[in-house]
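All chains are named by letter (A, B, ...) in the order of the sequence lines, taking the proteins before the strands, and each is independently numbered beginning at 1.
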Protein chains: 2
Amino acid sequence: MELDDRKRKILLAIIQNYQDTGEPVGSRTISKMNDLNYSPATIRNEMADLEEMGLIVQPHTSAGRVPTDKGYRLYVDHLLTNEETGLTASEGGQLPGTHMEQLLSKRMDRVEEMLMRMAQVLAANTQYTTMVTGPHYKQNKLKFIQLSAMGGGKLLAVIVLNGNIVKNNILDIGSDIGQEALSRLNFCLNNNLNGLSIEEINLPLITKIKDEAGENADAAAAVLDAVAAAFDKEDSMPVYTSGATNIFKYPELADNEKISNLINVLEEKKELGTALGVVSPNGSKQDIQVYIGDEVPVESMKDCSVVTATYQMGDGVQGKIGIIGPRRMDYQKVVETLKATMNQLDGIFKKPEE
Amino acid sequence: MELDDRKRKILLAIIQNYQDTGEPVGSRTISKMNDLNYSPATIRNEMADLEEMGLIVQPHTSAGRVPTDKGYRLYVDHLLTNEETGLTASEGGQLPGTHMEQLLSKRMDRVEEMLMRMAQVLAANTQYTTMVTGPHYKQNKLKFIQLSAMGGGKLLAVIVLNGNIVKNNILDIGSDIGQEALSRLNFCLNNNLNGLSIEEINLPLITKIKDEAGENADAAAAVLDAVAAAFDKEDSMPVYTSGATNIFKYPELADNEKISNLINVLEEKKELGTALGVVSPNGSKQDIQVYIGDEVPVESMKDCSVVTATYQMGDGVQGKIGIIGPRRMDYQKVVETLKATMNQLDGIFKKPEE
DNA sequence: GTTAGCACTCAAACGCATAGAGTGCTAACA
DNA sequence: TGTTAGCACTCTATGCGTTTGAGTGCTAAC
């Protein structure tokens with residue numbers, strides 16, 4: 001069966017109406033809309049066709065129609081490829097970037113705090129739940145290491161990776177090292193390791209470093225362990241969430257067990273990496289992905305939809321932002337908000353780098 | 001009216017029964033218990049007295065009795081002052097410290113991760129919600145500062161406070177400083193500041209440092225700002241939570257709006273400091289506090305009870321652990337679990353310090 | 001002081017009728 | 001041939017009266 005123009009219009013009308021109300025949409029409602037001057041009976045015939053095509057369903061025999069995942073997919077694909085469609089602009093309310101602009105222009109030095117705030121603002125603006133991963137490096141390299149004596153046989157190793165990702169490690173090396181020996185060890189490590197990726201730190205190099213370190217070989221080994229840990233991806237991928245309680249606003253998600261599962265995933269931050277998907281190695285700038293219902297790769301989110309975007313921080317550092325809402329999420333608004341946010345982020349991170 | 005022994009026994013029986021079931025307790029239920037061989041009518045008379053004393057109430061005329069906050073308070077005070085009361089030991093299930101022992105014996109170097117895990121284990125063991133503050137210093141002092149050049153006019157300032165609390169700050173100072181000048185600045189700052197508390201860094205000292213820094217006075221000022229930020233308490237008090245979804249298990253908290261508010265507070269971590277109370281300056285070792293219902297200082301937790309404990313990490317560093325559950329929380333189990341946890345923490349942090 | 005008995009209360013559960021939104025089908029119409 | 005009015009039918013949600021049962025307070029007897 002063919003999806004002609006009238007059918008498409010009706011599908012769109014159903015989706016829009018369902019987005020607003022959350023209730024199944026009947027033929028009479030559609031027939032009363034301005035641009036569709038047909039009787040309910042005609043609409044009903046078309047609806048029967050749309051149902052046959054798997055784009056809408058009835059929750060029960062005598063109810064209106066609700067879009068299926070397939071129906072939403074059609075709508076979203078249409079939305080993403082063809083920007084200025086017959087869809088009305090996201091109606092009024094808060095302008096997507098209003099608060100965001102002030103927030104981002106502050107240019108906080110603590111990137112993490114900024115990301116947290118960003119999650120909060122996005123959640124408040126969209127009324128959905130937001131998750132943001134910390135910055136993540138494509139192909140990470142060691143910038144430099146700084147060792148300091150802490151007394152009590154402890155050594156502070158500050159490890160800085162490309163993209164200014166800083167990791168602290170307090171190492172217990174048994175006994176204190178003299179100031180001069182520490183300087184030498186510091187120099188030795190930096191001399192041998194700076195600019196290398198984790199793969200380039202191989203056994204011969206490690207042996208060489210231990211040789212050069214002499215009596216402080218143990219300390220050198222401890223620092224190398226810390227370096228390995230600093231490169232560990234899991235570790236360097238914190239996820240910030242905000243607006244988890246927004247899901248209470250959508251009655252179709254109101255099942256207590258489901259809410260509980262979802263909030264649990266958000267709190268324990270276990271599967272959020274999966275939900276956000278992999279950062280595509282050579283992804284385009286605004287790599288916006290939409291997962292609808294069952295398409296979401298996390299079990300407890302299969303009643304929701306998730307929209308993700310990749311942010312670029314210059315210098316090859318990037319991360320992901322995800323917005324979780326009900327299936328009947330306002331995809332248009334969310335996609336627009338994400339695009340605007342990405343643009344602003346780009347502007348801020350590009351300028352001061354030059 | 002006097003609270004004689006029989007009345008106390010009946011109150012205890014009501015509390016225990018209500019803890020198990022969450023339902024109002026009737027006179028017949030109490031009368032069937034082993035150690036109270038009285039007819040329901042007798043029990044009813046006593047119950048009427050207990051109600052008059054404000055220790056129990058009826059949710060409605062023809063319902064059983066439920067303990068009031070005042071009733072719980074009596075019970076908890078009794079529990080805390082007089083350890084080995086007629087109360088049966090916390091019955092079976094998971095031995096409080098089982099997993100905790102393995103966890104803590106690992107002695108992770110990353111204290112924060114350990115605290116997060118601790119929150120998780122406590123939540124799993126108790127089936128309540130847990131919050132843990134990061135380590136917090138009573139009267140904090142600067143241990144040392146380490147400056148490193150990062151290129152691009154950026155400076156990495158690593159600030160270490162007493163108790164090995166490490167803060168990173170990337171400072172933008174406009175133009176790079178030469179290696180030698182940086183060494184001098186580093187020495188100057190450490191020479192003047194090490195061992196001082198925030199109050200001791202006063203204007204004359206700041207002027208002196210700027211003088212000594214000479215042309216790098218701006219950079220010195222930036223570092224001093226970073227030091228002030230490092231001392232900022234709000235900033236150094238992360239709160240980890242776990243088991244937020246455990247509240248779904250208790251039907252008396254099942255009101256969606258209340259759950260939403262509570263989870264929101266837990267997620268945004270706003271008022272958790274208030275909920276955990278102030279760390280008492282000269283508190284005893286295991287400073288266990290119980291807040292029942294309306295006693296909890298946070299609005300959205302007034303339907304819950306909160307039990308807090310102070311943990312000591314040696315060297316004057318301490319923090320707070322809080323457990324949030326329904327009013328009918330198993331106070332005995334929670335208090336015991338917390339005490340056991342505190343003891344284990346003490347053992348671990350004391351030993352390697354000597 | 002304790003207990004049996006009884007009338008009373010109230011929330012929750014149940015059954016049942018009703019309203020109303022919406023459908024599919026058929027037949028008539030342009 | 002596409003569109004529409006009309007109608008019988010379906011199914012959920014709502015409201016309402018009834019019943020059930022747990023529990024109480026009071027009184028009178030032990």
Stepwise side-chain hydrogen bond (donor to acceptor under 3.5 Å, both in side chains) check, B/K249 with B/N246
CA-CA 6 Å; B/K249 296 202 173 96; B/N246 280 339; 2.7 Å; yes
In this structure, how many angstroms lie between the [atom2] atom of [N] and the [atom1] atom of [X], rounded?
| X | N | atom1 | atom2 | answer |
| --- | --- | --- | --- | --- |
| B/I43 | C/dA4 | CD1 | P | 12 Å |
| B/E46 | C/dT2 | CD | P | 7 Å |
| A/D49 | D/dG2 | CG | P | 11 Å |

Please determine, for D/dA28, whether a Watson-Crick or G-U wobble partner exists with both distances under 3.5 Å, and give it or none.
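WC or wobble partner is C/dT3.
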Could you tell me whether a side-chain N or O of [X] sits under 3.5 Å from a main-chain N or O of [Y], the two making a donor and an acceptor?
| X | Y | value |
| --- | --- | --- |
| A/Q19 | A/Q16 | no |
| B/T29 | B/V25 | no |
| A/Q58 | A/A63 | yes |

I need a per-nucleotide contact map over nucleotides 16-30 of chain D, read 5' to 3'. Cutoff is protein heavy atoms under 4.0 Å; write B for the base, S for backbone only, - otherwise.
------BSBBB----
Classify the ring geometry between B/Y331 and B/Y75 as parallel (under 30°), tilted (30 to 60°) or perpendicular (over 60°).
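Ring orientation of B/Y331 relative to B/Y75: perpendicular.
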Salt bridge between B/D4 and B/R8, side-chain N to carboxylate O under 4.0 Å?
no
Among D/dA5, C/dC10, C/dT2, the one nearest B/H60 by side-chain distance
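Of the options given, the side chain of B/H60 lies nearest C/dC10.
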